[in-house]
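Here is the naming used below: chain letters follow the sequence lines, and residue numbers restart at 1 for every chain. Treat the numbers as computed from the prediction; the structure is a model and nothing was measured.
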2 protein chains.
Amino acid sequence: MAITSHDVARLAGVSQPTVSRALRDHPRVSLETRAKVREAAKSLGYVTNHAGRSLSTLSTGRIGIVSAELGNPFYPALIAPLHDELSARGYRTILVTDRGSDPLELETLIDGSLDGVILTTSEIDSEIPRELARRGLPMVLLNRVVDDLKADTCTTDDAGGAALIANLFADLGHTCIAAIIGHPNASTSRDGQLGFVHALAERGLELPEDMIRIGPFTSQFGASAFRELMTDGERPTAVYCMNDVIAIGALNGAKELGIDVPNDVTIVGLDDIEMASWSTINLTTVHTDIPGMARAAADLILKRIANPTAPPIHHQESVSLVLRGTHGPAH
Amino acid sequence: MAITSHDVARLAGVSQPTVSRALRDHPRVSLETRAKVREAAKSLGYVTNHAGRSLSTLSTGRIGIVSAELGNPFYPALIAPLHDELSARGYRTILVTDRGSDPLELETLIDGSLDGVILTTSEIDSEIPRELARRGLPMVLLNRVVDDLKADTCTTDDAGGAALIANLFADLGHTCIAAIIGHPNASTSRDGQLGFVHALAERGLELPEDMIRIGPFTSQFGASAFRELMTDGERPTAVYCMNDVIAIGALNGAKELGIDVPNDVTIVGLDDIEMASWSTINLTTVHTDIPGMARAAADLILKRIANPTAPPIHHQESVSLVLRGTHGPAH
DNA sequence: CATTGACATGCATACGTATGCATGCGAGCG
DNA sequence: CGCTCGCATGCATACGTATGCATGTCAATG
């Protein structure tokens, strides 16, 4: 059915190996033969079969990107530049959407169809990165990290970002402070929370238990957690949200309750996704260079593929405060 | 380096073909041997090599989804249920992000590494679907369609949705009506525009040239087009946006200009993505059953793979109006 | 006890490509 | 004119798995 290099060889009047060499510009094929083979291949519409090539070369030219939360715009924003960078370096990108407990996913990563894997949504106790490490598959942990694993990582300064916000709150005179935090098995949540609490403490402030809400990284959760915070017990005057999606959910919750932001309450996010800059949102948040982080991760995985035994590299992207319209002084 | 079925065979004391059969529960392998092989495979951590299997069976168990605009939340919302449905039916999903003129992309689709392809962002004159058709690769056109091609399609009733909006505008008494439309080489744009103009005409209304803005499906374009419409010449009192992302951009533009929605102007979108229901957005729009459409597309591609020569099927998803907070009567 | 048949397994090979090695050819040199 | 060398190409094979066919074993049957 499909056209093979044997078909091309027959048409060009050469052997199959010569076709293989000619199409990849092997220097030991005469220019004349190369042209003849090229023409035959073109006229037949020949495309090198991936399974055959991959079986023969024991490499695939494909890198997997594992992401669980495509619905969170942070991830598409991360994946697009990753794809572009890898593509420019001659690698194809396979997006593996990790939808929870699908055992097929792990197999997809280790069945030999990928040269390397970039994990973006690992949890602290994830088995997948450990299994990949065990099998020696080149891997980069992007964004979220896993404990006690010798692997390349590429992260943002979550603790530093949280500290920026803690100091902003302190500068604005807030004393009753709340936080809406992502699930704690994401390293970003853990590091952000620790960084936040630590920085508050340095300013003589604290984050009491009942001012913390923990849940998924969704706007729905942001909204419901915010409503809870504003209706149960004492009302906070400033709310730190672990990412922009949660923060936007909190803004939705405020709208529903008729609470004015920033006059009644300050809401701040983290990531600076594109939506945060929309006029209808106008969220004060912490900026990270997402494309820059993606390019660094692309670089790391290619280095790792080239040299599987080099010591692990840890790249950390710096952060900066973006003051927009959702913060204000304590009243 | 990697474990092969030969290694398992050696450990289990059987031949390689027996390993192959045992692991796939071939009935002609004794239960005893199956257990022995399973144990050997498990202890070695054996995973079937994809290239080998694919080369031998001439099928891959993988379906490609081609999407260009992951940043538009419509597509992740479409891809997630597609992935789930295909996964439940035993197929893996490969997301191929089509980033414009990358010639590698086409090769990725036709190099034999996919059993079928679902195209979500084809343009009317796209070469890719035609090339796939020429090569007889099973294919479904989802969301956007291509002219003069015998292929399965799965679309929403774009013209019907646009007509719902036209009638809403007419019912509300609007006479000065504008439209912000996506690029015209997307079939959804063309059909939506035609349906809109036609339905307006039936109500004795029209859409003048200078009330139309055409551009990409982004919120940035929605905002800039809206600002133009409100500052050049006569001001429309109702603006039809070709999708929710553009509509939200228009809302941003309105905010920047200090224009009140819906008192000063009516803005309506199309798709009913999740963001449209957020309290901070609260967009009046047209609802489509996105997961339902995805499931239908999954069904179509699997049917097509099972029977490549059956006549093409055209699935159309119906639509309904969702009245929220961005429409109002003409003043 | 010989024959048949069901059943379990192994052998050989195919899938498509890439590569080490051998071969053949022509030119250059002594 | 014969030898050597370089270059272009073909041959054989490897990559890992799946499958048609042949083979072997054992129990049941006449």
About how many Å separate CG of A:L23 and NZ of A:K42, when rounded to the nearest 0.5 Å?
13.0 Å
Under 3.5 Å, which N/O atoms of the protein pair with N/O atoms of nucleotides 22-28 of chain D?
none

Between A:T33 and D:dA8, is there a contact of a side-chain N or O with OP1 or OP2 at under 4.0 Å?
no
For A:H183 and A:N185, indicate whether the former's side chain and the latter's backbone hold a donor-acceptor pair under 3.5 Å.
no
Whole Å only: how far is the CG atom of B:L23 from the P atom of D:dT19?
13 Å
For B:H6, the ring-ring contact (aromatic ring centres under 6.0 Å, His included) test, sequence neighbours excluded, returns none
Under 3.5 Å, sequence neighbours excluded: what are the donor-acceptor pairs made by side chains of residues 295-305 of chain B?
from	atom 1	to	atom 2	distance (Å)
B:D299	OD1	B:R89	NH2	2.3
B:D299	OD2	B:K303	NZ	2.8
B:R304	NE	B:D152	OD2	2.7
B:R304	NH1	B:N307	O	3.4
B:R304	NH1	B:P308	O	3.1
B:R304	NH1	B:A310	O	2.7
B:R304	NH2	B:D152	OD1	2.9
B:R304	NH2	B:D152	OD2	3.2
B:R304	NH2	B:A310	O	3.3
B:R304	NH2	B:P311	O	3.3

Let me have a per-nucleotide readout for nucleotides 12-17 of chain D, 5' to 3', with B, S or -, counting only protein heavy atoms under 4.0 Å.
B--BBB
Tell me every residue that passes side chain to side chain contact (heavy atoms under 4.5 Å, CB included) with B:S5, counting only those two or more places apart in sequence or in another chain.
B:Q16, B:V19, B:Y46
Interatomic distance, B:H26 NE2 vs D:dT19 C1' [rounded to whole Å]:
8 Å
Round to a whole Å and report the spacing from CG of B:L31 to P of C:dA8.
8 Å
For A:R38, enumerate each residue passing the salt bridge (charged side-chain N to carboxylate O under 4.0 Å, His left out) test, keeping only those at least two apart in sequence or located in another chain.
A:D25
At what angle, to 10 degrees, do the two end axes of the helix from C:dC1-D:dG30 to C:dG30-D:dC1 meet, given five pairs define each axis?
60°
If you look at every strand shown and take non-hydrogen atoms under 4.0 Å, does B:S54 touch a base, only sugar-phosphate, or nothing?
nothing
Not counting sequence neighbours, which residues clear salt bridge (charged side-chain N to carboxylate O under 4.0 Å, His left out) with A:E127? List them please.
A:R134
Which part of the nucleic acid does B:V19 contact within heavy-atom distance under 4.0 Å: base, sugar-phosphate only, or nothing?
nothing
By salt bridge (charged side-chain N to carboxylate O under 4.0 Å, His left out) - contacts of B:D289 (at least two apart):
none
Atom CZ of B:R21 to atom P of C:dA8: distance rounded to whole Å?
12 Å
Under 3.5 Å, sequence neighbours excluded: what are the donor-acceptor pairs made by side chains of residues 57-81 of chain B?
from	atom 1	to	atom 2	distance (Å)
B:T57	OG1	B:R53	O	2.9
B:T57	OG1	B:S59	N	3.3
B:T57	OG1	B:S59	O	3.1
B:T60	OG1	B:R62	N	3.2
B:T60	OG1	B:S113	O	3.4
B:T60	OG1	B:D115	N	3.3
B:T60	OG1	B:D115	OD1	3.0
B:R62	NH1	B:H50	ND1	3.4
B:R62	NH2	A:D111	OD2	3.0
B:E69	OE2	B:R144	NH2	3.0
B:N72	OD1	B:F74	N	3.0
B:Y75	OH	B:N143	ND2	3.1

Any side-chain N or O of B:S15 less than 4.0 Å from the OP1 or OP2 oxygen of C:dT9?
no
Considering residues at least two apart in sequence or located in another chain, which fulfil the ring-ring contact (aromatic ring centres under 6.0 Å, His included) criterion with A:H314?
none
A:R130: which residues meet the salt bridge (charged side-chain N to carboxylate O under 4.0 Å, His left out) condition with it, sequence neighbours left out?
none
